[in-house]
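A quick note: this is a predicted structure, and the numbers were derived from the prediction, not measured.
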Amino acid sequence: MWWAVGRLTRDKGLPELVEAFDAILAAKPDAHLLLVGWFDSAEDALGSDLRSRILNHPRIHTTGLSPTRHPITA
């Protein structure tokens, strides 16, 4: 399992992370990606295509905004 924590935006490298994760899946088809954070609507927001790709990907999981530390990071 790979994971990232924070605002889910372009400047945080989410487009590159999703592309890299697809490469990881080619080598490890049982891998999962956990995104702990929210889709920010700021000027660096993800485009609707990438956001849809993340939300509909069977191996990418999102938690939404987490006001406390997520158990996986403890």
Side-chain angles (χ1 to χ4, degrees):
M1 168 145 330
W2 283 263
W3 51 272
V5 178
R7 293 181 312 124
L8 305 179
T9 59
R10 288 191 324 262
D11 73 330
K12 299 286 185 173
L14 263 293
E16 296 83 0
L17 178 59
V18 171
E19 290 300 319
F21 184 65
D22 283 338
I24 290 168
L25 282 175
K28 290 195 58 79
D30 60 340
H32 290 266
L33 175 61
L34 175 63
L35 301 176
V36 179
W38 66 100
F39 291 101
D40 199 332
S41 60
E43 65 184 47
D44 58 346
L46 298 178
S48 59
D49 289 345
L50 181 56
R51 184 174 175 164
S52 178
R53 184 174 167 197
I54 289 169
L55 292 172
N56 293 305
H57 197 292
R59 297 265 177 197
I60 299 178
H61 313 280
T62 59
T63 66
L65 177 61
S66 180
T68 60
R69 280 182 65 181
H70 195 274
I72 198 166
T73 65

- Who are the ring pair (Phe, Tyr, Trp, His ring centres under 6.0 Å) partners of Phe21, not counting sequence neighbours? His57
- Query: Quick check: does any side chain N or O of Arg10 sit under 3.5 Å from a backbone N or O of Ala45, one acting as donor and the other as acceptor?
  - Reply: yes
- Query: At what distance, to the nearest 0.5 angstrom, does CD1 of Ile54 lie from CG of Leu8?
  - Reply: 6.5 Å
- Task: Drop me the distance from Leu35's CG to Lys12's NZ, to the nearest 0.5 angstrom.
- Result: 13.5 Å
- Message: Nearest 0.5 Å, please: how far is CG in Leu14 from OG1 in Thr9?
- Response: 6.5 Å
- Message: Per the salt bridge (Lys or Arg N to Asp or Glu O under 4.0 Å) rule, what does the pair list look like for residues 20-38, sequence neighbours excluded?
- Response: Asp22-Arg53
- Report yes if some heavy atom in the side chain of Leu25 is under 4.5 Å from a heavy atom in the side chain of Arg59; otherwise report no. yes
- Item | Verdict with reasoning, Leu34 to Thr62, per side-chain contact (heavy atoms from CB on, under 4.5 Å) | CA-CA 6 Å; Leu34 175 63; Thr62 59; over 6 Å; no
- Note on the structure: In this structure, CG of Leu55 is separated from CD1 of Ile60 (nearest 0.5 Å) by 9.0 Å
- Residue pairs fulfilling salt bridge (Lys or Arg N to Asp or Glu O under 4.0 Å) with at least one residue in residues 42-51, sequence neighbours excluded: Arg7-Asp44
- Item | Pairwise distance CG(Asp40) to CG(Asp11) - rounded to 0.5 angstrom | 9.0 Å
- Message: I need the minimum non-hydrogen distance between Ile24 and Ala31, along with the two atoms involved.
- Response: CG2-CB, 4.0 Å
